[in-house]
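Chain letters run A, B, ... following the sequence lines, proteins first, then strands; residues in each count from 1. This one's a predicted model, so the numbers in the text were calculated from it and none came from an experiment.
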There are 2 protein chains.
Amino acid sequence: MESQPNEATKHRLGDLQLAIMRVLWHHGEAAVADVYEALREERGLAPTTVATMLVKMEKKGVVSHRTEGRKFIYRPQVSESAVRRSMVSEIKDRLFQGNTTAFVSHLLAEHDLDATELQRLKAAIAEKEGR
Amino acid sequence: MESQPNEATKHRLGDLQLAIMRVLWHHGEAAVADVYEALREERGLAPTTVATMLVKMEKKGVVSHRTEGRKFIYRPQVSESAVRRSMVSEIKDRLFQGNTTAFVSHLLAEHDLDATELQRLKAAIAEKEGR
DNA sequence: GCGATAGTACTACCTTGGTAGTTCAAGAGT
DNA sequence: ACTCTTGAACTACCAAGGTAGTACTATCGC
């Protein structure tokens with residue numbers, strides 16, 4: 001067993017790490033060059049930067065790779081939803097003392113939503129109440 | 001003018017920084033020893049750790065201090081709501097591509113809320129629609 | 001007046017994320 | 001067979017957050 005770092009910390013992803021994960025989540029798996037290509041426009045990084053980051057991420061346990069010819073094909077080891085859940089929870093704890101309602105209220109009050117979206121949310125709440 | 005770091009980055013607070021800010025927000029202002037005392041239980045840090053962090057935070061522009069006798073009294077230079085807004089926005093952008101509705105839906109779906117809280121949220125939405 | 005104490009200043013170290021150059025080897029094309 | 005290219009390995013840096021020891025000094029209690 002390769003003693004991966006702490007389970008709890010596993011979902012703490014930096015900005016670039018998240019961007020890379022997004023590519024992997026969408027592609028299922030991808031070679032370094034693919035990830036590099038996917039991020040080229042928005043970030044313009046050196047290919048080695050992507051490669052290095054991937055190595056660090058593998059050490060951390062959030063991705064894994066297999067070899068195909070002489071290239072590395074990476075795939076996610078944590079799901080997008082797990083990452084979302086835990087990053088949101090963390091912010092919720094840090095900023096709202098874990099209070100989900102306070103968090104939602106904040107979003108309603110301070111982050112713009114148009115009428116249509118409010119409608120959608122009402123529906124979502126109603127549905128949740130339903131069960 | 002002491003050339004404080006970038007306005008945009010100003011609201012990116014680390015864990016300890018946030019904890020310290022919380023103390024300052026609640027107290028209005030506080031000496032190092034007070035902050036230390038307030039965090040002693042939950043964190044058990046050395047007093048110097050708190051002091052050092054405060055210095056870094058002042059350099060960054062998120063707090064300021066005045067002298068009283070030979071102690072430093074610190075006070076916040078950014079409001080809790082500003083920090084909340086910008087940290088939440090950041091997460092929203094990073095995890096939900098800036099989509100507030102998606103963010104709220106996620107909270108509703110994945111982070112527990114009891115019936116009373118749902119009720120309260122419905123009210124909040126209704127009120128927001130009202131105007 | 002003087003020693004103990006409380007407080008800040010300075011320095012140092014570690015970790016993580018981010019960025020990238022340089023080196024080396026495998027393989028593709030001619 | 002030999003060169004060009006493509007990929008990974010290794011190494012190096014930097015910044016920021018976090019943590020704390022040590023040094024120095026103003027002041028307080030006696």
Side-chain angles (χ1 to χ4, degrees), chain A residues 3-6 8-23 29-37 39-40 42-74 78 83 87 90-91 94, chain B residues 3-6 8-23 29-37 39-40 42-74 78 83 87 90-91 94:
Chain A
S3 132
Q4 256 105 29
N6 189 336
T9 310
K10 216 167 142 172
H11 303 296
R12 269 215 183 188
L13 301 182
D15 216 56
L16 174 58
Q17 298 184 343
L18 242 189
I20 290 176
M21 287 309 286
R22 256 194 303 269
V23 175
E29 57 175 31
V32 178
D34 302 333
V35 177
Y36 165 70
E37 201 46 51
L39 298 178
R40 222 169 55 81
E42 41 167 325
R43 308 217 156 207
L45 298 168
T48 48
T49 301
V50 176
T52 305
M53 198 64 226
L54 249 350
V55 169
K56 290 185 176 185
M57 289 165 77
E58 181 158 33
K59 192 162 301 167
K60 190 182 177 177
V62 296
V63 303
S64 66
H65 84 274
R66 66 189 165 79
T67 312
E68 186 167 288
R70 55 204 217 74
K71 55 176 75 162
F72 282 12
I73 313 289
Y74 284 93
V78 294
V83 168
M87 287 184 73
E90 205 183 303
I91 277 288
R94 283 158 46 114
Chain B
S3 135
Q4 257 104 28
N6 188 337
T9 310
K10 217 167 140 170
H11 302 297
R12 268 214 184 188
L13 302 181
D15 216 57
L16 174 57
Q17 298 185 342
L18 242 189
I20 290 175
M21 287 309 286
R22 255 193 306 267
V23 175
E29 56 176 31
V32 178
D34 302 333
V35 178
Y36 164 70
E37 201 47 50
L39 298 180
R40 223 169 52 83
E42 41 168 324
R43 306 217 158 209
L45 298 168
T48 48
T49 300
V50 176
T52 305
M53 197 64 227
L54 249 350
V55 169
K56 290 186 177 184
M57 288 165 77
E58 180 159 33
K59 191 162 299 165
K60 190 182 177 178
V62 296
V63 303
S64 66
H65 84 276
R66 66 189 166 78
T67 312
E68 186 167 287
R70 53 203 216 77
K71 55 176 77 162
F72 283 13
I73 313 288
Y74 285 92
V78 293
V83 169
M87 288 185 72
E90 206 184 303
I91 278 288
R94 283 158 46 114

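Scanning for side-chain hydrogen bond (donor to acceptor under 3.5 Å, both in side chains) contacts around R22(B) gives an empty result, with sequence neighbours left out. Residues forming a side chain to side chain contact (heavy atoms under 4.5 Å, CB included) with A51(A) (at least two apart in sequence, or on another chain): V32(A). Looking at residues two or more places apart in sequence or on another chain, you find a side chain to side chain contact (heavy atoms under 4.5 Å, CB included) between T49(A) and L16(A), L45(A), A46(A). V55(A) pairs by the side chain to side chain contact (heavy atoms under 4.5 Å, CB included) definition with Y74(A), not counting sequence neighbours. T48(A) pairs by the side-chain hydrogen bond (donor to acceptor under 3.5 Å, both in side chains) definition with nothing, not counting sequence neighbours. In this structure V78(B) satisfies the side chain to side chain contact (heavy atoms under 4.5 Å, CB included) test together with K10(B), H11(B), M21(B), V62(B), V83(B), sequence neighbours excluded. Looking at residues two or more places apart in sequence or on another chain, you find no ring pair (Phe, Tyr, Trp, His ring centres under 6.0 Å) involving Y36(A). Taking the salt bridge (Lys or Arg N to Asp or Glu O under 4.0 Å) definition, one finds that E29(B) meets it with R66(B), R75(B), sequence neighbours left out.
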Any N/O pairs under 3.5 Å between the protein and nucleotides 16-18 of chain C? List them or say none.
unit_1  : atom_1 : unit_2 : atom_2 : d
dG17(C) : OP1    : K60(A) : NZ     : 2.9
dG18(C) : OP1    : D15(A) : N      : 2.4
dG18(C) : OP1    : L16(A) : N      : 2.9
dG18(C) : OP2    : Q17(A) : N      : 3.3
dG18(C) : N7     : K56(A) : NZ     : 2.9
dG18(C) : O6     : K56(A) : NZ     : 3.1

Under 3.5 Å, which N/O atoms of the protein pair with N/O atoms of nucleotides 23-29 of chain C?
unit_1  : atom_1 : unit_2 : atom_2 : d
dA26(C) : N3     : R70(A) : NH2    : 3.3

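Within the 4.0 angstrom heavy-atom criterion, only backbone atoms of the sugar-phosphate kind lie near V32(A); the bases stay farther away. Among the atoms of the strands shown, only primed sugar atoms or phosphate atoms (P, OP1, OP2) are found under 4.0 Å from some heavy atom of A46(A).
Between E68(A) and K71(A) there is no salt bridge, since no side-chain N of the basic residue sits under 4.0 Å from a carboxylate O of the acidic one.
Following rounding to the nearest Å, K59(A) (NZ) and dT15(C) (P) show an atom-to-atom distance of 13 Å.
With axes fitted over five pairs at each extremity, the angle between the ends of the helix from dG1(C)-dC30(D) to dT30(C)-dA1(D) is 10° (10° resolution).
Close approach of DNA chain D to chain B, defined as any atom under 4.0 Å from a non-hydrogen atom of the protein, starts and stops at dG17(D) to dT27(D).
For R40(A), the CZ atom sits in a loose shell: 12 or fewer heavy atoms of surrounding residues, nucleotides or ligands are nearer than 6.0 Å.
K56(A) NZ to M53(A) CE: the interatomic distance, rounded to the nearest 0.5 Å, is 6.0 Å. Summarising the geometry, atom CG belonging to L18(B) is positioned 13.0 Å from atom CZ belonging to R12(B); distances are rounded to the nearest 0.5 Å.
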**OP:** Would you please test V23(B) and L39(B) for side chain to side chain contact (heavy atoms under 4.5 Å, CB included) and show each step?
**Re:** CA-CA 8 Å; V23(B) 175; L39(B) 298 180; 3.8 Å; yes
